[in-house]
Amino acid sequence: MIDDSNVGDDSHRSDAMSGVGQAPLDPFELLTTTRAVRKRLDLTRPVPLELIKECLTIALQGPSGSNRQHWQWILITDPAQKAAIGDLYWRAVQDYAASEGFAGNLAADDADRSRVQQRVGDSVLHLGRVMRDVPAMLLPCIDTGGPLPDGNQAGIWGSVLPAAWSFMLAARARGLGTAWTTLHLEYEREAAQILELPDGVHQALLTPIAYCTGTTFKPAPRQPVDEVLHIDRW
């Protein structure tokens with residue numbers, strides 16, 4: 001039986017304010033409790049720019065192929081810009097919710113897993129509705145100077161995605177919530193126009209940034225390692 005008592009971001013609540021008296025996280029806790037935060041984002045509490053810069057400074061220690069460091073980071077705080085990107089995101093979420101692959105539709109033949117997936121789906125819909133109201137959004141990008149080349153896409157995206165995850169870990173350690181989302185890329189061109197991105201700058205993902213309404217995140221259920229590990233051969 002799958003334990004759904006701590007799926008995703010919203011299952012274990014606390015009245016404690018994030019970041020107030022929070023003890024430092026050891027590496028194990030940080031790595032196993034950095035969740036996609038959707039329903040527990042504090043939409044009313046501003047996030048200081050210097051705190052976001054501190055997290056991003058840490059993220060820039062992430063790996064970059066050939067040390068190119070051709071990442072760029074778009075921080076969105078202006079209400080009009082947030083609303084425009086948030087509306088694009090909500091359109092993409094609605095498209096996703098109508099698809100067979102929507103999280104809430106998965107594992108329908110497994111009652112325990114289905115319950116978990118429905119909760120994930122509910123939180124996805126919630127984030128879609130409130131994305132325009134989060135204190136800040138961060139859009140990591142990669143600057144290739146032109147169209148994405150054919151061939152090794154892993155090498156290209158591997159030069160920005162680890163840094164994006166490092167940002168989220170740094171944010172978690174400071175009482176901030178984030179969520180790795182890519183749904184808005186269905187409307188990537190429209191987003192690029194809103195943000196006035198030059199040609200050759202490609203968007204990797206979009207994350208909200210906000211203080212959390214609680215601190216008690218726990219590891220989520222995952223497959224046993226022996227079910228996904230292959231040694232030497234498939």
Side-chain angles (χ1 to χ4, degrees), residues 1-14 16 18 22-41 55 58-59 61-63 65 92-93 96-97 99-128 140 152-183 185 204-209 212-234:
M1 178 178 294
I2 295 175
D3 176 11
D4 65 348
S5 64
N6 189 62
V7 61
D9 61 336
D10 304 311
S11 55
H12 200 92
R13 295 181 178 275
S14 169
S18 297
Q22 180 175 322
L25 303 177
D26 65 50
F28 176 81
E29 184 179 6
L30 180 64
L31 291 169
T32 59
T33 65
T34 300
R35 308 255 61 88
V37 184
R38 303 182 184 98
K39 288 186 176 179
R40 298 176 68 179
L41 298 170
C55 295
I58 293 171
Q61 293 297 315
V93 167
Y96 171 52
S99 71
E100 292 183 1
F102 177 58
N105 297 333
L106 301 181
D109 57 347
D110 182 329
D112 293 321
R113 182 66 183 273
S114 178
R115 188 165 62 251
V116 172
Q117 291 301 132
Q118 289 175 21
R119 292 175 64 182
V120 173
D122 287 345
S123 70
V124 169
L125 290 170
H126 176 80
L127 180 60
N152 185 7
Q153 291 291 308
I156 295 169
W157 296 112
S159 290
V160 65
L161 299 185
W165 183 239
S166 291
F167 175 86
M168 294 179 178
L169 292 170
R172 158 70 174 139
R174 288 156 177 78
L176 299 175
T178 60
W180 189 291
T181 74
T182 57
L183 289 175
L185 294 176
L205 60 106
L206 175 70
T207 179
I209 306 171
C212 301
T213 58
T215 61
T216 51
F217 296 99
K218 292 184 178 180
R222 290 291 186 262
Q223 292 172 269
V225 66
D226 287 338
E227 292 185 7
V228 297
L229 174 64
H230 308 269
I231 299 176
D232 294 330
R233 295 172 181 81
W234 185 271

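Note that this is a predicted model, so its numbers are computed, not measured.
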* Decide yes or no for Thr216 and Arg40: does some side-chain heavy atom of the first lie under 4.5 Å from some side-chain heavy atom of the second? => yes
* Structure fact -> Residues Cys55 and Arg174: closest non-hydrogen pair is SG-CD, 3.6 Å
* Lys39 and Ser123: which non-hydrogen atoms are nearest, and at how many Å? -> CE-CA, 3.9 Å
* Structure fact -> Applying side-chain hydrogen bond (donor to acceptor under 3.5 Å, both in side chains) to Gln153 and not counting sequence neighbours gives Trp157
* **Distance in Å, Phe167 CZ paired with Leu169 CG, rounded so as to fall on 0.5 Å steps** => 11.0 Å
* Structure fact -> Nearest heavy-atom contact between Pro219 and Arg35 is CA-NH1, 3.9 Å
* **Backbone of Leu31 reached by a side-chain donor or acceptor of Thr34 within 3.5 Å** => no
* To do: Measure across Ile209 and Leu176 and return the closest heavy-atom pair with its distance rounded to 0.1 Å.
  => CG2-CD1, 4.2 Å
* Atom of Val160, atom of Pro140 and distance for their closest heavy-atom approach -> CG2-CB, 4.1 Å
* Asked: Which atoms form the tightest heavy-atom contact between Ala204 and Thr182, and what is the distance?
  -> O-CG2, 3.8 Å
* Asked: Between Thr207 (side chain) and Ala179 (backbone), is there a donor-acceptor pair under 3.5 Å?
  -> yes
* Quick one: are Cys212 and Phe217 in side-chain contact, heavy atoms under 4.5 Å? -> yes
* Only counting residues at least two apart or in another chain, list the ones meeting side-chain hydrogen bond (donor to acceptor under 3.5 Å, both in side chains) with Thr33. => Arg172
* Could you state the interatomic distance from CZ (Arg38) to CG (Leu127), rounded to the nearest 0.5 Å? -> 7.0 Å
* Flag, side chain of Thr181 to backbone of Leu206, donor-acceptor distance under 3.5 Å -> yes
* Begin with the C-alpha distance, continue with both residues' side-chain angles, and end with the deciding distance and a verdict on side-chain contact (heavy atoms from CB on, under 4.5 Å) for His126 and Leu41. => CA-CA 10 Å; His126 176 80; Leu41 298 170; over 6 Å; no
* List the steps, then state whether side-chain contact (heavy atoms from CB on, under 4.5 Å) holds for Leu161 with Leu205. => CA-CA 9 Å; Leu161 299 185; Leu205 60 106; 3.8 Å; yes
* Structure fact -> Residue pairs meeting side-chain hydrogen bond (donor to acceptor under 3.5 Å, both in side chains), one or both in residues 159-171, sequence neighbours left out, come to none
